[in-house]
Amino acid sequence: MPELPEVETIRSDLQREVVGSTITAVKLYWERVVAFPSAEDFVRGLTGRRIEDIGRRGKYLLFRLDSHDVLIAHLRMTGQLIHRRASDEMENQVRAVLELDDGSQLRFADMRKFGRLWLVPSELMVVGKLGPEPLAEEFTFEVFRERLRRRKGAIKPVLLDQSVIAGIGNIYADEALFAARIHPQTRVGDLTELQLQNLYQAVRAVLASGVENRGTTVDRYRDGLGRRGGFQEKLQVFRRAGQACPVCQGRIQRIVVGGRGTFICPSCQRLAVSSQKDEFDDPDPTQPWYH
DNA sequence: ACCACAACCTGGCCGC
DNA sequence: TGCGGCCAGGTTGTGG
């Protein structure tokens with residue numbers, strides 16, 4: 001599941017690999033990979049164009065071209081963008097290939113066919129509704145608090161809402177909430193000032209570490225050269241149900257929040273209940289009176 | 001504005 | 001070994 005750190009890793013790999021190259025041909029093996037414009041116009045608009053720069057907004061990759069059009073890619077769940085020599089063995093489930101003037105290829109592979117490509121005159125057509133970049137300097141605590149303020153409901157679905165903050169997906173949402181010791185079902189309005197500060201720091205730290213470690217390969221994610229990431233070694237809770245919490249040794253649980261699989265340590269991440277239900281229902285296994 | 005749910009897809013897993 | 005059924009999760013769209 002490519003989220004901000006995975007997409008950023010691919011961006012920096014491809015920046016080094018393909019910026020300055022010219023697209024000599026475009027092959028589509030599954031036309032519906034092109035979300036906009038038509039497959040024909042997409043191929044026509046890319047052929048002969050030089051790649052000037054590669055940017056990123058949230059989970060979107062932005063290839064800026066000398067025509068001032070922007071090629072945009074979203075990998076959704078299983079997409080891969082890999083730079084190879086034309087003579088290298090082809091990946092499975094390749095949906096599109098850009099041939100470059102140095103004899104290399106940029107290959108878009110995607111098992112589940114959810115990923116999409118766009119070719120647009122303005123990137124705002126695709127990424128205009130995204131919230132701020134969480135690792136940008138301008139993303140201060142005040143911005144974070146203000147963005148959350150008008151939202152209601154459980155915190156985890158809010159973190160996953162790309163119009164609130166761009167780039168967080170299921171992996172980093174669970175890791176950030178664990179790092180901040182916040183239960184994913186906590187209502188946004190119930191978060192204390194201290195919890196908001198902890199969550200702000202946790203979101204930034206977890207995403208930055210994800211980038212530092214070149215992303216998380218728990219499934220099909222590969223970087224721009226086809227290599228695995230490293231952050232899966234650092235995961236504290238994600239996909240670790242039944243294993244020991246690294247902090248308290250309690251058992252990590254899988255629950256469902258907002259319809260998504262969610263991993264928590266139930267003793268580190270308590271759901272603050274408004275006094276009606278008492279704490280005796282939910283003994284803390286780390287405390288001596290348990291047993 | 002919020003929530004729930006379906007749709008898009010296919011490989012992997014489970015139970016029988 | 002084989003088959004049906006379910007699950008995974010980013011995003012969009014529908015409907016309450």
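Proteins get letters first, then strands, A, B, ... in listed order; numbering begins at 1 in each.
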- Note on the structure: The salt bridge (Lys or Arg N to Asp or Glu O under 4.0 Å) partner of A/Asp161 among A/Lys152, A/Arg151, A/Lys129 is A/Arg151
- Item | Annotated protein contacts, base or backbone, on nucleotides 5-12 of chain B with a non-hydrogen cut-off under 4.0 Å, one of B, S, - each | ---BBBS-
- Protein-nucleotide distance (A/Leu160, atom CG; B/dA4, atom P), rounded to Å: 14 Å
- Message: Suppose we screen for side chain to side chain donor-acceptor pair (under 3.5 Å). Which residues come up paired with A/Glu123, at least two apart in sequence or across chains?
- Response: A/Arg64
- Would you check if there is a donor-acceptor pair between the side chains of A/Glu17 and A/His83 at a distance under 3.5 Å? yes
- Taking the same atom, P, in B/dC5 and in C/dC6, what whole-Å distance lies between them? 16 Å
- Taking NZ from A/Lys59 and P from C/dT12, how many angstroms apart are they, rounded to a whole number? 10 Å
- Message: At 4.0 Å (heavy atoms only), tell me whether A/Gly261 reaches a base, stays on the sugar-phosphate, or touches nothing.
- Response: sugar-phosphate
What does the list of N/O pairs under 3.5 Å between the protein and nucleotides 1-3 of chain B look like, with a distance for each?
from	atom 1	to	atom 2	distance (Å)
B/dC2	OP1	A/Arg150	O	3.4
B/dC2	OP1	A/Lys152	N	2.3
B/dC2	OP2	A/Arg151	NE	2.8
B/dC2	OP2	A/Arg151	NH2	3.0

- Starting from the 5' end of DNA chain C, give me the residue, A/Gly259 or A/Val126, whose nearest nucleotide shows up first. A/Gly259
- Integer angstrom distance from the P of C/dC3 to that of B/dC9: 24 Å
- Message: Without decimals, in angstroms, what is the distance between A/Met125 CE and C/dT12 P?
- Response: 14 Å
- Rounded distance (Å) that lies between atom P of C/dT12 and atom CZ of A/Phe36: 15 Å
- Interatomic distance at P, B/dG11 relative to C/dT11, whole Å: 22 Å
- Item | Stem list, DNA chain C (Watson-Crick or G-U pairing under 3.5 Å, at least 3 consecutive pairs) | B:2-8 with C:10-16, B:10-16 with C:2-8
Side-chain polar contacts of residues 26-37 of chain A - donor-acceptor pairs under 3.5 angstrom, sequence neighbours left out - could you list them?
from	atom 1	to	atom 2	distance (Å)
A/Lys27	NZ	A/Glu99	OE2	3.1

- Item | A/Asp219 CG to C/dC7 P, straight-line distance once rounded to whole Å | 17 Å
- Classify the angle between the aromatic ring planes of A/Tyr200 and A/Phe141 as parallel (below 30°), tilted (30 to 60°) or perpendicular (above 60°). perpendicular
- Task: Walk me through it: do A/Glu89 and A/Arg84 pass the test salt bridge (Lys or Arg N to Asp or Glu O under 4.0 Å)?
- Result: CA-CA 9 Å; A/Glu89 189 184 344; A/Arg84 302 274 198 210; over 6 Å; no
- Item | For atom CH2 of A/Trp118 and atom P of C/dG10, their distance in whole Å | 15 Å
- Task: Answer yes when A/Arg222 and A/Glu91 have at least one side-chain N-carboxylate O distance shorter than 4.0 Å, and no when they do not.
- Result: no
- Item | Pairs touching residues 172-183 of chain A that satisfy salt bridge (Lys or Arg N to Asp or Glu O under 4.0 Å), sequence neighbours left out | A/Lys156-A/Asp174
- Going through the distances and angles, do A/Asp41 and A/Arg44 end up as a salt bridge (Lys or Arg N to Asp or Glu O under 4.0 Å)? CA-CA 5 Å; A/Asp41 289 344; A/Arg44 203 180 355 239; 2.7 Å; yes
- Message: Using whole Å, what does the distance between atom C1' of nucleotide C/dG10 and atom CG of A/Leu159 come to?
- Response: 15 Å
- Query: Can you tell me how far P in C/dG10 sits from the matching atom in B/dA1, rounded to whole Å?
  - Reply: 23 Å
- Has the side chain of A/Arg85 got a donor or acceptor atom that lies under 3.5 Å from a matching backbone atom of A/Gln105? no
- Task: Examine A/Leu207 and A/Val218 and state if one hydrophobic cluster contains both, with Ile, Leu, Val, Met, Phe, Trp and Tyr joined whenever side-chain heavy atoms are less than 4.5 Å apart.
- Result: yes
- Item | Presence of A/His74 side-chain N/O under 4.0 Å of C/dT11 phosphate oxygens OP1/OP2 | yes
- Task: Measure from NZ or CZ of A/Arg57 to the centre of the six-membered ring of A/Tyr60 and say whether it is under 6.0 Å with the direction within 45° of the ring axis.
- Result: no
